[in-house]
Amino acid sequence: MGNQNIRNVAIIAHVDHGKTTLVDQLIKQSKLFRENQEMNTRFMDSNDLERERGITILAKNISLNYRDTKINVIDTPGHSDFGGQVERVLNLADGALLLVDAAEGPLPQTRFVLDKALALGLKIIVVVNKVDRPDARAKEVLDEVLELFMDLNATDEQINFPVLYASGRDGWATDDLDNGSRDSIVPLMDAMIDHIPPPPVQEGAVQMQISTLDYNDYVGRIGIGRVNRGVLNLNEPLVLIKRDGRTVNANIKQIFTFQGIERKDVESVECGDLCAVVGIEGIDISDTIASAEQPEAMPPIAVDEPTLSMMFRVNDSPFFGRDGKFISSRHIRERLFKEAERDVAIRIEDTGTDAFNVSGRGILHLSVLIENMRREGYELTITQPQVIFKTIDGVKHEPIEELTVDSPDGCTGKIIELVGLRKGEMIKMEQRGTRQFLQFMIPTRGIIGLRSKVMNVSAGQAIMSHRFDSYAPHKGEIPSRINGVLVSMGEGKAIPYAIDGLQQRGIFFIEPGDDTYEGMIVGEHCKEGDLEVNVQREKKLSNMRAAGSDRNMKIAPAQKMSLEEALEYIDDDEYVETTPHFVRLRKKYLNELERKRMRYAKAKEDGTYVENK
């Protein structure tokens, strides 16, 4: 197959605009499966966590054969926290399908991914997806996309983009919304071949950059990338040029190209095609595989800096070691540094005190890492997320994000008030049918814990998304959690009788019968300040009975938090404890006497301590 018969296409969009569903239809209509073979929906979301959450976390690629042309399709994540994946894999592509929801229009991540694609000079095909929605407004959305291209300073050639209208779920695409046929996805495949250029042919010594990694228990680490120059041959003497400039000999044992949903073992790969290489020890993202005779490194892959950090600590609670297999700092350290090799958007700093400072793109980005570690058998405690500040020209700066909220009419005022309290500034408000589209600029600190409050005031109907925009001077103090917490004063199982008697004190996070320990957070106090409670108190049994002394217990269901909600909820003197089967909240200092000492020391340091006379 010649170089002219290859197309490398990335599919980019905001989260939930239909990328993976569209890929499903491309796979189905390309007949990569037999007629009698069953195919899962969202086939590319093969990871357990991806299928549970309904989002793409890892970028993946397949190939389609159509009109004697091999089309390498790369499915990318849509959530801004996984932007590092998008930045890496766009280097593999020569063009991109920009999917935009026909009702929601361009959202923050649409802007982010389009900006990166335009900067790399990729040819863009705009696909207005979900045009079968009852609230679709395809023509208006297309105008908004055109404005977005102009805002991002696209060239005249880039602005002259082809447009298709599609329904990924129903499996059709057309270039004529009013009169086009709606029976197949073929017009989209035609557009990829006709409008996206083949990869440029560069003669000379072989050069290939690793953009993503895979792992296999039998062969170890697998490097995936694109041959940028020359031809990659299995038996040719090669070297691996690391990010820091070091050169080591590389011995490739196998080369695979992508053939449909499988990998095909080959002897050589021509310039412009994507492939996976097996057998090179210590291969990392951004490394260059080059000819031993002419070793020449490619520029390192540029990735935006992290904006949020958390401290990952050894679990030192009384229940330490009960649930997990990997509990020591050595295990946690190995796992975190292994993750940093795979994910270039994560930074790990070893503090030397059984704690590791982990920085990433957002709470979801880091919580996916924590969730994977939990499932692998790790126990750890995590501190409150901290924003990464910068000093620019002697002034303290903090990350600012573009926040969009699509909400029902009735709760718009409450949402604006909530965002205003967190130093957010509204820059756009637009009526869309019975809903309002709100756009704000808000510090990253203000977004932590905001989602649950917005969901509460909108009865779960608001759609909220955000992306990093820039650094700006510090906006001042942002109010933290107002209510205190209910803290267990002893160890043992929670007793229904005790919980029933304490329900007026607040909302509980635990069910009767759950194991608790001293210093564990069991609920939210209804007032300011923490309250120690005895959830292990049992009813005294005696042979005396009186009418009305036995009350019927009516215990409200516990408020269960997801891992992200728990991380957003905790204060600076609290931890989230994660084990394979439990997510618990706890105080940093488990003993009340220790907590009083720390409050006293902090008050003296702040100058707020008033001595009683």
Side-chain angles (χ1 to χ4, degrees), residues 49 306 308-343 345-360 362-388 448 485 487-492 509-510 514-522 530 561-595 597-598 601-602:
L49 216 50
L308 209 67
S309 70
M310 301 178 196
M311 203 68 82
F312 285 41
R313 300 175 62 259
V314 167
N315 183 15
D316 55 1
S317 81
F319 293 167
F320 152 82
R322 281 194 190 182
D323 197 29
K325 290 187 293 183
F326 306 112
I327 50 182
S328 69
S329 61
R330 177 178 63 84
H331 288 129
I332 295 170
R333 184 182 191 282
E334 285 174 4
R335 178 64 180 82
L336 288 176
F337 279 96
K338 185 179 171 185
E339 185 67 27
E341 289 174 358
R342 279 202 306 242
D343 188 347
I346 276 184
R347 306 276 189 279
I348 313 289
E349 184 188 338
D350 191 343
T351 62
T353 57
D354 288 348
F356 305 88
N357 192 25
V358 183
S359 307
I363 286 180
L364 183 63
H365 185 202
L366 296 178
S367 72
V368 165
L369 167 60
I370 297 164
E371 186 64 43
N372 281 325
M373 290 178 70
R374 274 183 66 203
R375 293 176 184 213
E376 290 163 20
Y378 287 85
E379 282 191 17
L380 59 154
T381 52
I382 302 104
T383 62
Q384 182 190 37
Q386 299 293 328
V387 166
I388 297 171
I448 298 171
V485 290
V487 184
S488 173
M489 62 197 306
E491 185 173 331
F509 303 152
I510 58 164
D514 285 356
D515 288 315
T516 61
Y517 54 81
E518 183 184 5
M520 178 175 157
I521 296 169
V522 294
D530 299 341
M561 290 189 189
S562 67
L563 181 58
E564 291 94 70
E565 287 168 342
L567 291 167
E568 290 185 337
Y569 182 82
I570 56 172
D571 225 328
D572 57 359
D573 65 336
E574 295 160 4
Y575 292 146
V576 174
E577 174 191 346
T578 65
T579 69
H581 297 103
F582 301 100
V583 175
R584 301 185 183 99
L585 307 184
R586 52 162 282 197
K587 283 290 181 182
K588 190 174 182 179
Y589 299 98
L590 298 177
N591 186 274
E592 174 61 14
L593 192 59
E594 284 181 339
R595 292 200 290 275
R597 282 192 190 125
M598 293 313 296
K602 189 178 179 185

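In what follows, every heavy atom counts, from backbone to side chain, and hydrogens, waters and symmetry copies are set aside.
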I want to check something: taking the side chain as every heavy atom from C-beta on, are Arg374 and Val583 in contact at a cut-off of under 4.5 Å? yes
Atom pair CD1 (Ile388) and CG (Leu308), whose distance is rounded to the nearest 0.5 Å: 7.0 Å
Would you compute the distance between atom CD1 of Ile570 and atom CE of Met561 and round it to the nearest 0.5 angstrom? 10.0 Å
From Val485, Val576, Ile448, residue fulfilling side chain to side chain contact (heavy atoms under 4.5 Å, CB included) relative to Tyr569: Val485
Trace of the side-chain contact (heavy atoms from CB on, under 4.5 Å) decision for Arg322 with Phe582: CA-CA 11 Å; Arg322 281 194 190 182; Phe582 301 100; over 6 Å; no
So do Met520 and Asp515 actually touch side chain to side chain, heavy atoms under 4.5 Å? no
Pair Glu592 + Arg595, salt bridge at N-O below 4.0 Å: yes
Rounded to the nearest 0.5 Å, the OG atom of Ser562 sits from the CG atom of Leu567 at a distance of 8.5 Å
side-chain hydrogen bond (donor to acceptor under 3.5 Å, both in side chains) partners for Gln384, two or more places apart: Gln386
Quick check: closest heavy atoms across Thr383 and Tyr575, and the distance to 0.1 Å? CG2-CE2, 3.4 Å
Flag side-chain contact, heavy atom, 4.5 Å: Arg335 against Leu369: yes
Main-chain N/O of Gly519 paired to Ser488 side chain as donor or acceptor, under 3.5 Å: no
Compare every heavy atom of Asn315 with every heavy atom of Phe320, then report the nearest pair and how far apart it is. CD1-O, 2.9 Å
dist Arg313:CZ -> Ile382:CD1 (nearest 0.5 Å) comes out at 10.0 Å
Nearest-0.5 Å distance that lies between atom OH in Tyr378 and atom OG1 in Thr579: 15.0 Å
Tell me whether Asn591 contacts the main-chain N or O of Leu593 through its side chain, where contact means a donor paired with an acceptor under 3.5 Å. yes
Is there a salt bridge (charged side-chain N to carboxylate O under 4.0 Å, His left out) between Asp514 and Arg584? Walk through the geometry before answering. CA-CA 11 Å; Asp514 285 356; Arg584 301 185 183 99; over 6 Å; no
Lys338 and Glu334 ion-paired at < 4.0 Å: no
All heavy atoms of Leu590 vs all of Pro318, minimum pair found to be CD1-CD, 3.7 Å
Between Glu339 and Ile346, the two heavy atoms sitting closest are CG-CD1, 4.1 Å
With salt bridge (charged side-chain N to carboxylate O under 4.0 Å, His left out) as the criterion, how do Asp530 and Lys587 come out once you've worked through the C-alpha distance, each side chain's angles and the decisive distance to 0.1 Å? CA-CA 10 Å; Asp530 299 341; Lys587 283 290 181 182; 2.6 Å; yes
Would a distance-only check, ignoring hydrogens and angles, find a side-chain to backbone donor-acceptor pair under 3.5 Å from Glu574 to Leu585? no
Partner residues of Phe337 under the ring-ring contact (aromatic ring centres under 6.0 Å, His included) criterion, sequence neighbours left out: none
Between Arg586 and Ser317, which heavy-atom pair has the shortest distance, and what is it? NH1-N, 3.7 Å
Rounded at 0.5 Å granularity, tell me how far CZ in Arg375 sits from NE2 in His581. 11.0 Å
Minimum heavy-atom distance Ser309-Ser359, with the two atoms named: CB-OG, 3.5 Å
